[in-house]
Amino acid sequence: MPIATVNPANGETLKTYEAMGEEEIERRLQLAEATFRTYRTTTFVDRGRLLIQAANLLDADQEDIARVMTTEMGKPIKQARAEAAKCAKAMRWYAERAEGLLADEEPADSDVKDSGASRVRVRYRPLGPVLAVMPWNFPLWQVMRFAAPALMAGNVGLLKHSSNVPQTALYIEDLFHRAGYTEGCFQTLLIGAGQVDDILRDERVKAATLTGSEPAGRAVASTAGEMIKKTVLELGGSDPYVVMPSADIDRAAQIAVTARVQNNGQSCIAAKRFIVHTDVYDAFADRFVEGMKALVVGDPMLDETDVGPLSSEQGRTDLEELVDDAGRSGATVLCGGHRLRRPELPGWYYPPTVLADITREMRIHREEAFGPVATLYRASDLDEAVLIANDSPFGLSSNVWTRDEAEVDRFVRDLEAGSVYVNGMTASHPAFPFGGVKRSGFGRELSGHGIREFCNITTVWQGA
Ligand SMILES: O=CCCC(=O)O
């Protein structure tokens, strides 16, 4: 894939970039290593000051960077502004808390004594240059939620961003430089996917984090495994959204629409499979379909737009194929659907779609639908709802709607996912761990768990 900005709202190529060659990559790796040697010795106060400055600059740039993101990948402009604001919030969150999150830990006195020590401490030390392979869907947020904790922990970052968001990738590097970070603290590598493997194998790169597709995750994890390097993987999701009879059905249906179409339906934590108790199935389905039909699909630069184009023609083709496959196997299209009903706009649009009568044989039951397409399932009771919810290779997040605390306990006990959101939709927050199980990946981002992922957790044992 060429490194280029191609506007998904009209297919126009606006800017192309040459991939960096071996010499430039070598220069940047050397710089990362050299910078780490000194940056690792800076104080939390110094690091926090830099990160707050970057957050302030980002706030000032909000409208400009929002427009760049929308131009590069098509998200509605209001959501792009919110993404920039969320990044600044996470940067401040880590700037203010990293020292506490990484404070030395002291084991219990009895254990210290038992080990024969006079004192034992656990210290979180940085690892070194970390390679971040990031996706286009939240082009600023995905990077910042790695960069903010990594930089606060004393690591330095190397970014391989998705090839369709080069201007956003370059903006992030520039943002950190303008904030006062030395050049090697955070560098964007404009490279193709084929150049990642060599960089990951380089001894100077100590760890990697990847958010993206399962094949990309598998490739990075397998090289990292061979090289014995730590990785965090955040891959796909096909999150369940379970609605039980005691729920507020109007609200559950209203939030379901947002949960499915946020970011034009291209979010790993978007609710994708709607599993509804048979007693409230019809009521929920009517309201949900009504909400999906009412969405404004159109130019993502307009404030009134709810759903813009998909990020690429291939992305739309993939989604169409999933929907067509379901249709051929007997799914009922409650709204939206196949390409003939695609809105007649020049870009890569796809209409908000709801499919019912889903069976296990359909590809859409097992695969992630990366676009505004929802699948509806009917469950006869809680046990069946859990069975359907867990019948997926993915386990990123989950959503349940019920006012019955016993049911909440059952869902929390049994759902195979990295989080359970009750009476609300999944939304990442700097303070809460984010990540999944099964083929959604491993490791956690955000919170104290996220910042400790790329630390050398060091036991310091002192004798008498
Ligand atoms: O695509 C997955 C990440 C979405 C988010 O953190 O809000």
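Start at 1 and go down the list; that is how both ligands and their atoms are numbered.
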For [Y], is there any backbone N or O sitting under 3.5 Å from a side-chain donor or acceptor partner on [X]?
X      : Y      : answer
Asp306 : Leu295 : no
Arg40  : Gly154 : no
His161 : Pro139 : yes

Polar-atom distance check: Phe138 versus ligand 1, any N or O pair below 3.5 Å?
no
Does any N or O of ligand 1 fall below 3.5 Å from an N or O anywhere on Glu234, backbone included?
no
Enumerate the atoms of ligand 1 whose separation from the nearest heavy atom of [X] is less than 4.0 angstrom.
X      : value
Arg145 : 3 (C), 5 (C), 6 (O)
Cys268 : 1 (O), 2 (C), 3 (C)
Ser428 : 5 (C), 6 (O), 7 (O)
Ile269 : 4 (C), 5 (C), 7 (O)

Are any of the heavy atoms in Gln142 under 4.0 Å away from ligand 1?
yes
Distance alone, cut at 3.5 Å: any donor-acceptor contact between the side chains of Tyr17 and Gln167?
no
Taking the six-membered ring for Trp, are Phe288 and Phe274 closer than 6.0 Å centroid to centroid?
yes
Pair Asp409 + Arg413: basic N to acidic O under 4.0 Å:
no
Part of Thr211 with heavy atoms under 4.0 Å of ligand 1, whether side chain, backbone, both or neither:
neither
